[in-house]
Amino acid sequence: ILTDLFMVIVLTDTLEKRGALGQIKARIRAEVFNALDDQSEPRPPLSHENLLINELIREYLEYNKYKYAASVLTAESGQPEMPLDREFLAKELNIVEDANGKSVPLLYGIISHFLHGGKEESTQNTLPKVSLLNYPKQNLGKTTTERNQKD
């Protein structure tokens with residue numbers, strides 16, 4: 001019995017170190033979700049903004065080889081199975097990419113732009129000017145929880 005227990009511990013540790021255990025757990029979660037997903041209940045239509053946001057997230061997930069998370073996102077959100085063309089996505093978001101930016105997901109360039117305040121030497125994506133006029137000023141700089149609480 002101790003030999004079997006030792007084998008299980010060593011096997012679990014090896015799978016964890018290789019990253020395979022996390023992948024196995026993610027795959028099981030994805031399969032359970034797919035099995036429980038009620039296809040008879042229609043999904044609400046995706047807004048244009050949600051379609052673009054989901055696609056940015058999917059591109060990021062697939063780039064980082066989170067394929068099971070990406071498959072759950074696609075199934076749960078109603079995102080089309082075929083990813084949007086990257087050039088189309090960049091055009092819709094008014095992003096002008098340089099050669100370096102094309103090797104990483106668009107989301108990396110967006111985050112880099114805002115982390116550096118748009119001051120970097122364009123080693124990533126050249127991003128559009130983003131207007132915050134659509135967001136109430138009192139919400140800027142607040143956490144999601146603070147924004148959702150009634151004043």
Side-chain angles (χ1 to χ4, degrees), residues 11-39 41-151:
L11 181 59
T12 302
D13 187 52
T14 302
L15 290 173
E16 267 184 30
K17 286 180 181 174
R18 291 183 181 173
L21 190 58
Q23 289 177 351
I24 292 167
K25 288 178 180 179
R27 175 66 189 226
I28 290 170
R29 278 188 222 107
E31 291 300 327
V32 167
F33 174 80
N34 286 335
L36 297 176
D37 189 27
D38 184 5
Q39 297 293 330
E41 186 177 324
R43 305 221 184 282
L46 278 174
S47 70
H48 184 69
E49 291 82 6
N50 281 358
L51 179 74
L52 297 175
I53 291 166
N54 290 345
E55 198 59 40
L56 288 171
I57 294 168
R58 176 172 36 191
E59 183 189 33
Y60 162 81
L61 292 172
E62 289 178 354
Y63 176 83
N64 286 290
K65 307 220 182 322
Y66 302 149
K67 60 184 175 180
Y68 303 117
S71 71
V72 170
L73 170 70
T74 302
E76 191 169 21
S77 68
Q79 194 80 1
E81 288 293 324
M82 283 296 298
L84 295 177
D85 180 66
R86 183 185 171 104
E87 288 179 27
F88 170 79
L89 191 58
K91 184 178 178 183
E92 284 293 300
L93 297 170
N94 296 317
I95 296 174
V96 179
E97 296 184 281
D98 62 14
N100 292 330
K102 291 184 179 187
S103 64
V104 297
L106 291 169
L107 199 50
Y108 280 109
I110 293 168
I111 296 299
S112 176
H113 176 79
F114 287 106
L115 284 176
H116 301 294
K119 297 175 187 169
E120 73 274 359
E121 286 293 319
S122 187
T123 58
Q124 292 280 328
N125 301 335
T126 305
L127 293 165
K129 293 178 182 157
V130 176
S131 172
L132 297 177
L133 297 176
N134 296 335
Y135 301 97
K137 289 190 185 218
Q138 69 271 16
N139 285 342
L140 297 178
K142 292 185 180 181
T143 65
T144 304
T145 306
E146 291 171 328
R147 276 185 234 127
N148 290 336
Q149 290 176 348
K150 302 222 185 230
D151 291 328

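The model shown is predicted, which means the values in this text are computed figures rather than measured ones.
Taken to the nearest 0.5 Å, the NZ atom of K25 stands 10.5 Å off from the CG atom of L15. Atoms CD and OG1, on E62 and T74 in that order, are 6.5 Å from each other to the nearest 0.5 Å. Note that the CD atom of E55 and the CD1 atom of I53 stand 12.0 Å from one another [nearest 0.5 Å]. Residue L56 holds its CG atom at 11.0 Å from CG of L61, rounded to the nearest 0.5 Å. Residue I95 holds its CD1 atom at 4.0 Å from CD1 of I110, rounded to the nearest 0.5 Å. Remark: E49 CD to E92 CD distance equals 10.0 Å, nearest 0.5 Å.
Of all non-hydrogen atoms in L51 and P80, the two that sit nearest each other are CD1-CD, 3.7 Å. In terms of heavy atoms, S77 sits closest to N54 at CB-ND2, 3.5 Å. Closest approach of Y68 to R27, counting heavy atoms only: CE2-CD, 3.0 Å. Between R58 and P83, the shortest heavy-atom contact is NH2-CA, 3.4 Å.
Looking at heavy atoms from C-beta onward, E59 lies out of side-chain contact with L107 at the 4.5 angstrom threshold. In this structure, the side chains of R86 and L106 come closer than 4.5 Å at one or more pairs of heavy atoms.
Between the side chain of N64 and the backbone N or O of Y60, at least one donor-acceptor pair lies under 3.5 Å.
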